[in-house]
S.K.: 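Can you keep this structure in mind? I'll have questions shortly.
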Amino acid sequence: VKAVACEGLVLREWHETPVLQELTIAPPGPGEVRVRMRAAGLCHTDLAAVRDARSTPMVLGHEGAGTVESVGAGVTDLEPGTPVLLCWKAPCGACPKCNAGRPSLCEQVLDVAEPRVFWRDRPIARILNTGCFSEFVVLPARCVVPFDETLPFEQVALVGCAVATGVGAVLRTARVEAGAKVAVWGAGGVGLNVVLGARLAHAATIVAVDPDPERRDLALKRGATHAVGPAEALHCVEDTTLGRGLDYAFETVGDPEVMAEALSGLGVGGRLVIVGAAARDATMHFRPRAFMSNQQSITGCIYGSIYPHSDLPLFTEWLREGTLPLEDLIGTRLTLADLPSVFESPSPGGVRPVVSFA
Ligand SMILES: [Zn+2]
Ligand SMILES: [Zn+2]
C-alpha cells in the first residue's frame, strides 16, 4: 500500500475561505483503515471552523461515508470495498471514564497513531480528527462502521454527525420518556433529528422552533406536533403545556440568547440540553433562583452521548427499515470544487448540503 495524492478542502488561516489543495495521504498504520470517500455532509461545525477552528491549517469535513480502500496490519474485520460511515468520536475504551462504563465521556477519543495527512510535506490537522472533505481519509478501524451496501452513501453520511447528535441527544443524553413535553429550538440537520428522536421516544408534545417555513414543514412531517417561528415559541409552549412548561428543551442553534429562552420554557424538573455550539467566548445569563426552586438542570451534549459501536449500526438499521427517514434532509448536491464558494456565501438550499465524490 502506497501514499496517495488527492484533493482536500483546507482552511489555511482563520477568517479565510477554505480552498482545495493537494494532500498526501499515507497508508493506514496498524489497526487503521484508509477510506475512499463517497459522500460528505456540510455541517455547521465546518462552517464555524473558519472563525473558531482550534488550529490552522486544517482539513475540513467530519460527516461522511465511503468504502474501505486499504487496511493496516491487524485489521481483520474490514476489507477493501466495505461501505463504512465515519465516526468522529469513538471512545478509547481505556481511560477512567471508559473504564467506569461511561464511554460517551471518554477523555481521549480514538485517533490515528501518527499523522497520515500531509500538506506541503508537513502534517496537517483534521477537523474533529476526520477531515473528510478529501478524497481519502485514514482513521482507526474503530472509527468506521460498516453498513448495508444497498443504502445510499449520501444518506448514511448524515448518520455520522447530524443523526448521531440529534437522535442521540434525545434517546441517550436526555433519555426522554414516553409522554414527555419536548421543544427544540432550531430545525436544521441536528434539530430535525431531535424531532425524530422525540417521536421515537413517544414524546407527547414536540414543538419545533425555526424561522424558516420549509424547515417547520419538515419538522411537522417528521413528527413535530407544533412548528412555530421564534417569536411564537414561548407562547406555543405555554399553550400546549397548559402553563406547566416543558420537560425537555433542546437548543441546537448555538446562541446563548436562544438557550436562555429555551431555559425559560422549562417546567418543574425540566431540563435544557445544550446541543448547539456557541462561540468559544460566549456567556449565558439566567435567573438561578427560579432554576433552583424548580429543580431544573442544564446538560451539555456532544455527539448525542451515543455508544457509537452499537448506536451507529442501530441508526443505519433504522434508516434501512424506514424508521429514520433522511432523504428529505439532503439539500443541494455539491462537488468538492463547489465548496469554497459555499463557504463564501453559505445558503446553498435545503437542510444539509452533501458533497458527492466522483
Ligand atoms: Zn457535525
Ligand atoms: Zn476513553
Side-chain angles (χ1 to χ4, degrees), residues 9 11 18 31 37 39-54 58-65 85-113 126-134 137 139-140 142-143 145 154-169 173 186-194 197 250-254 274-278 300-312 315 326 329-331 334 339 342-343 346 348 350-355:
L9 188 75
L11 175 65
M37 294 304 300
L42 175 58
C43 176
H44 184 75
T45 306
D46 297 303
L47 295 170
V50 172
R51 61 170 158 76
D52 71 0
R54 281 187 188 283
M58 176 180 271
V59 186
L60 300 180
H62 62 279
E63 176 184 85
L85 75 99
L86 312 185
C87 165
W88 56 260
K89 191 172 179 292
C92 75
C95 74
K97 292 288 193 296
C98 282
N99 280 331
R102 303 191 70 187
S104 67
L105 303 181
C106 177
E107 294 168 357
Q108 193 162 14
V109 297
L110 291 182
D111 196 3
V112 286
R126 302 109 64 230
I127 192 167
L128 297 169
N129 298 339
T130 306
C132 66
F133 290 147
S134 166
V137 295
L139 295 172
R142 296 272 290 164
C143 290
V145 177
E154 60 179 18
Q155 292 183 33
V156 177
L158 270 54
V159 174
C161 188
V163 172
T165 302
V167 174
T173 308
V190 171
L192 287 168
N193 280 301
V194 168
F250 294 86
E251 203 275 359
T252 69
V253 181
I274 296 182
V275 185
C301 166
I302 288 279
Y303 211 53
S305 317
I306 65 164
Y307 305 101
H309 300 115
S310 50
D311 284 342
L312 293 175
F315 297 159
L326 290 177
L329 301 194
I330 307 288
L334 306 167
L339 278 175
V342 173
F343 273 78
V351 174
R352 201 60 143 191
V354 177
V355 174

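In this chain, residues are counted from 1 in sequence order. Both backbone and side-chain heavy atoms feed into the values below; hydrogens, waters and symmetry mates do not. Every number for a ligand or one of its atoms is a count from 1 in the order of the listing.
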S.K.: Any side-chain to backbone donor/acceptor pair from S305 onto S104? Under 3.5 Å, distance only.
M.R.: no
S.K.: Quick one: does any side-chain atom of T45 pair with a main-chain N or O of C43 as donor and acceptor, under 3.5 Å?
M.R.: no
S.K.: Where the Zn ion (ligand 2) is the centre, what is the SG-to-SG angle for C98 and C92, rounded to 10°?
M.R.: 120°
S.K.: At a threshold of 2.8 Å, where the distance has to be below it, does the Zn ion (ligand 1) have an N, O or S atom of C43 nearby?
M.R.: yes
S.K.: Verify, without hydrogens or angle tests, whether N193 (side chain) and V167 (backbone) share a donor-acceptor contact under 3.5 angstrom.
M.R.: no
S.K.: Would you give the angle at the Zn ion (ligand 1) between H62 atom NE2 and C161 atom SG, to the nearest 10°?
M.R.: 110°
S.K.: Round to 10° and report the angle made at the Zn ion (ligand 2) by SG of C106 and SG of C95.
M.R.: 110°
S.K.: Within the structure provided, determine whether W88 and C132 are in side-chain contact (heavy-atom separation under 4.5 Å).
M.R.: no
